There are 2 protein chains.
Amino acid sequence: MNESPDRRTGRKRRRMQRVTMQAVAERANVSPSTVSLYLRRPEAVAAATGQAITGAIDELGYVPNLVAGGLAAAASRAVSIIVPSVRNAFFAETVAAMQAELGKERLQVMLGHSEYSDREEESLVRTALSWAPSAIVLTGQSHSAGTRKILAAGNTPVVEIWELGGQSIDMTIGFSHDKVGRTAAEYLVGRGRRQLAFLGARMQEDRRANTRAQGFVQEALRLAGLHAEIIGNPARAGVELGALLLGQALERVPDIDGIACSNDHIALGVLFECQRRGISVPGDIAVVGFGDLDFAGSCIPTLTTIRPPGDLIGTEAARVIINHVRGDRSDSHCVIDTGFRLVERQSA
Amino acid sequence: MNESPDRRTGRKRRRMQRVTMQAVAERANVSPSTVSLYLRRPEAVAAATGQAITGAIDELGYVPNLVAGGLAAAASRAVSIIVPSVRNAFFAETVAAMQAELGKERLQVMLGHSEYSDREEESLVRTALSWAPSAIVLTGQSHSAGTRKILAAGNTPVVEIWELGGQSIDMTIGFSHDKVGRTAAEYLVGRGRRQLAFLGARMQEDRRANTRAQGFVQEALRLAGLHAEIIGNPARAGVELGALLLGQALERVPDIDGIACSNDHIALGVLFECQRRGISVPGDIAVVGFGDLDFAGSCIPTLTTIRPPGDLIGTEAARVIINHVRGDRSDSHCVIDTGFRLVERQSA
DNA sequence: TGCAAAAATAATAGCGCTACGATTGAGAAT
DNA sequence: ATTCTCAATCGTAGCGCTATTATTTTTGCA
């Protein structure tokens, strides 16, 4: 019987919500424990009781308080996802797919953008841990020492996505960017191209793009003893940059005949610039992209590109997280190679 | 003195974290209240005490528990953002900008995707409220009755973004899509175009695209008595769809000379398809897009388009939310028109 | 019908933190 | 010296919920 909890001391305290589980319990003539149990495991409560509770919830318009629930349960139903930027279509796709799956389990997505900075990522991880999330999802496998340390200190499950082959923290879902680069090189070399270049943006920050570039160069060398040039630019990847980089490529490798791009936006820029300069694609230069973005199948010429399974990475990440939340630890320290696919079109 | 809280009853209870504020307080020889105060308002604590606390925090590796904090404070430092899809570059930009600003204030972004469904949005709003967020951000102004009801029942601040002119729930930041459509019509008519069409995707679900289309049609009629055709498709907006829609437009309006698109992807598809069919742009057909996406300045011809200020919407939304969190209610029920800008390029 | 086993429900004791009022101590004003 | 003021710090009592144990009710079966 605490009609007025602070009656004795005269203190005021701001309440969070008007309708609490207590109120639902009273309305349904059961104890709060039963309401809580019903909400978490309906099958553990008798059908009639369940109906009474559902009725009370509807009548009162009860909204459960997940903050209180998270505190009591020592783990919140939040999943923290940290990506370089959701402006990047790759990560947007993964985040959207993951949210769709996690949402079904009433897991809330918390989003952070590292902007390709390890320092920023560390700061985001620190904040994320403050929420006692069910899992933390990080992009890639290169993290600051501090990030690794604070993650090792806790026991929050960690899923690293979009990269493979490095040192895993816990669970890993992605593909080999080295192989992507090698696949592009192999394809171009196989098509008889000999003067190769890799065009990329933000190669300092974007380790994965860098890995693709290295794989490309090494495979060109290994397969045919060719020297492939890497032409980078610190600017953000974009169509305009692609046009610019083509210009640089033509200067550095005058008789260039094969180009791989760190992403499709750059490849599209290359296609446009080739058209402007009257360079035939793939006649004079073959172009391979990365991403298989929206326009790849419609541009002129259509773009041969490597398709990373952004949505699959998202759904798989969601799957292992959901399993973990349910208590199934069998995915612990798993490494899932989602692979990728070369999509042959006209440009190469 | 409660070294072992459950000693008497012998109950086990899982603890959330090893280092609590209590531990920090003991280490720094102050009370927990002071640590809490220091963390929330450092200026209210003496410098020497602050240093002692900072030292203790570092030594112990203390991570504050925002879940507990949120419960005690009756409001969590979370902001729930619900957009149709983060795959859409418009919303990705806004979400990224908003997260950047909110992150500075240690406000956590919680993300949900409605996939253009009012029902789904309602479900997401319900879940969002369970987190007692500092604010809820919704896209657009058309919501289900249920959504409006549950939002009205609480007192969580609501920010509606990307649309203006409808019935506001609370704060509104966006621009008029009707004006966007009218601007496109005015521009094309002003350039002497007479056979007009508006090409759009998902016109049923995407009310804003629909509003732009209606504005376009009405302005064409008002200015020059012209009948503009609306050519829609339930598929997702994309470059490929643009090509398809151009074909339909040519059938429906054989001597078409002016096209407005519901977004730049569709416009790009139109450009590509025109190139394939040997139709000159803007010679034969003028094309106006919407979005000013990455490629708009680089494609052939460069795309005349209407630029919605996605990042500005995000930063403004963050600003009013931060003000509200700080206790400044002056933005309550504000309506901020961010406007938009027609970017003239070659295609029209 | 009686009794053990199982099912359903209830009572208890916090989770870690913050808001509020209370208290302390140092300097200013009298 | 005494009172007053203000800044700095502390003690208390929950926020709303869940995990655990305890109790009650129902069921199965002889």
Side-chain angles (χ1 to χ4, degrees), chain A residues 1-2 4-26 28-50 52-53 62-77 129-132, chain B residues 1-2 4-26 28-50 52-53 62-77 129-132:
Chain A
M1 285 295 135
N2 64 340
S4 170
D6 304 321
R7 182 163 35 94
R8 281 167 306 168
T9 57
R11 286 206 191 155
K12 306 135 207 165
R13 197 163 175 81
R14 64 176 71 153
R15 289 184 77 86
M16 218 162 188
Q17 49 198 140
R18 28 204 94 185
V19 183
T20 65
M21 189 177 273
Q22 170 75 37
V24 173
E26 281 167 18
N29 281 315
V30 293
S31 74
S33 311
T34 306
V35 177
S36 172
L37 185 62
Y38 175 71
L39 255 26
R40 283 173 296 118
R41 290 169 35 216
E43 77 285 357
V45 169
T49 312
I53 292 172
Y62 171 66
V63 176
N65 187 329
L66 290 176
V67 179
L71 180 61
S76 76
R77 291 191 76 77
L129 285 173
S130 292
W131 286 92
Chain B
M1 286 297 131
N2 63 340
S4 171
D6 303 323
R7 183 164 33 97
R8 282 166 307 169
T9 57
R11 283 203 193 158
K12 307 135 209 167
R13 196 165 178 80
R14 64 177 73 153
R15 291 184 77 84
M16 218 164 190
Q17 47 197 143
R18 29 202 96 184
V19 183
T20 65
M21 189 177 274
Q22 171 74 40
V24 173
E26 281 166 17
N29 280 315
V30 293
S31 74
S33 310
T34 305
V35 177
S36 172
L37 185 62
Y38 175 70
L39 255 26
R40 284 172 295 117
R41 290 167 37 214
E43 76 285 358
V45 169
T49 311
I53 293 172
Y62 170 66
V63 177
N65 187 329
L66 289 176
V67 179
L71 180 60
S76 74
R77 292 191 76 78
L129 285 173
S130 291
W131 286 93

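Heavy atoms only: backbone and side chains are in, while hydrogens, waters and symmetry mates are out. Throughout, protein chains are lettered first and strands after them, A, B, ... in sequence-line order, and every chain is numbered starting at 1. As the structure is a prediction and not an experimental result, all values here were calculated from the model.
Between B/Ser130 and A/Pro64 the shortest heavy-atom distance is OG-O, 3.1 Å. Nearest heavy-atom pair across A/Val67 and B/Gly70 is CG1-C, 3.9 Å. The shortest heavy-atom contact between B/Ala68 and B/Asn65 is N-OD1, 3.0 Å. The nearest pair of heavy atoms linking A/Tyr38 to A/Ile53 is CD2-CG2, 3.6 Å.
Comparing atom distances between the A/Thr49 side chain and each of C/dA10, C/dA8, C/dC17 picks out C/dA8 as nearest. Nearest to the side chain of B/Ser36, among D/dT18, C/dT18, D/dA8, sits C/dT18. When each of D/dC10, C/dT9, D/dG16 is scored by its nearest atom to the side-chain atoms of A/Leu37, the top-ranked nucleotide is C/dT9. Here the nucleotide nearest the side chain of B/Tyr62, chosen from C/dT9, C/dC17, D/dC10, is C/dC17. Minimum atom distance to the side chain of A/Ala72 is reached by D/dC17, of the listed C/dA19, C/dA11, D/dC17. Between D/dA8, C/dA10, D/dA19, one nucleotide has an atom nearer to the side chain of B/Ala46 than all others, and that is D/dA8.
Atom CG of A/Asn29 and atom P of C/dA8 are 19 Å apart (whole Å). Across the protein-nucleic acid pair, B/Arg18 atom CZ and C/dG16 atom P stand 12 Å apart, rounded to whole Å. Across the protein-nucleic acid pair, B/Asn65 atom CG and C/dG16 atom P stand 7 Å apart, rounded to whole Å. Per the geometry, CD belonging to B/Glu26 stands 17 Å off C1' belonging to D/dT9, to the nearest Å. Atom CG of B/Leu39 is separated from atom P of C/dT18 by 7 Å (rounded to the nearest Å). Summarising the geometry, the separation between CE on A/Met21 and C1' on D/dG16 is reported as 8 Å, rounded to the nearest angstrom. A/Arg15 has its CZ atom 8 Å from the C1' atom of D/dG16, to the nearest Å. In this structure, A/Trp131 places its CH2 atom 16 Å from P of C/dG16, rounding to the nearest Å.
Proximity of B/Arg40 to the phosphate of C/dA19: a side-chain N or O atom is located under 4.0 Å from OP1 or OP2. Of the side-chain N and O atoms in A/Thr34, none sit less than 4.0 angstrom from OP1 or OP2 of C/dT9.
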Just distance, no hydrogens or angles: give the donor-acceptor pairs under 3.5 Å from side chains in residues 28-36 of chain B, sequence neighbours left out.
from: B/Ser31; atom 1: OG; to: B/Ser33; atom 2: N; distance (Å): 3.4
from: B/Ser31; atom 1: OG; to: B/Thr34; atom 2: N; distance (Å): 3.4
from: B/Ser31; atom 1: OG; to: B/Thr34; atom 2: OG1; distance (Å): 3.2
from: B/Ser36; atom 1: OG; to: B/Arg40; atom 2: NE; distance (Å): 3.1
from: B/Ser36; atom 1: OG; to: B/Arg40; atom 2: NH2; distance (Å): 3.0

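Each of A/Ala68 and A/Ala47 lies near DNA chain C, and the nucleotide nearest A/Ala47 is the one positioned closer to the 5' end. Residue B/Val35 is the one, among A/Thr20 and B/Val35, whose nearest nucleotide of DNA chain D lies closer to the 5' end (criterion: closest heavy atom).
Using a 4.0 Å heavy-atom distance criterion, B/Val30 is classed as a sugar-phosphate-only contact. Contacts of A/Ser33 with the nucleic acid, taken as non-hydrogen atoms under 4.0 Å apart, include base atoms. Using a 4.0 Å heavy-atom distance criterion, B/Tyr38 is classed as making no nucleic acid contact. In this structure, A/Val45 reaches the sugar-phosphate backbone alone: every heavy-atom distance under 4.0 Å involves primed, P, OP1 or OP2 atoms, never a base.
Side-chain atoms of A/Ser76 come within 3.5 Å of backbone N or O of A/Trp131 as a donor-acceptor pair.
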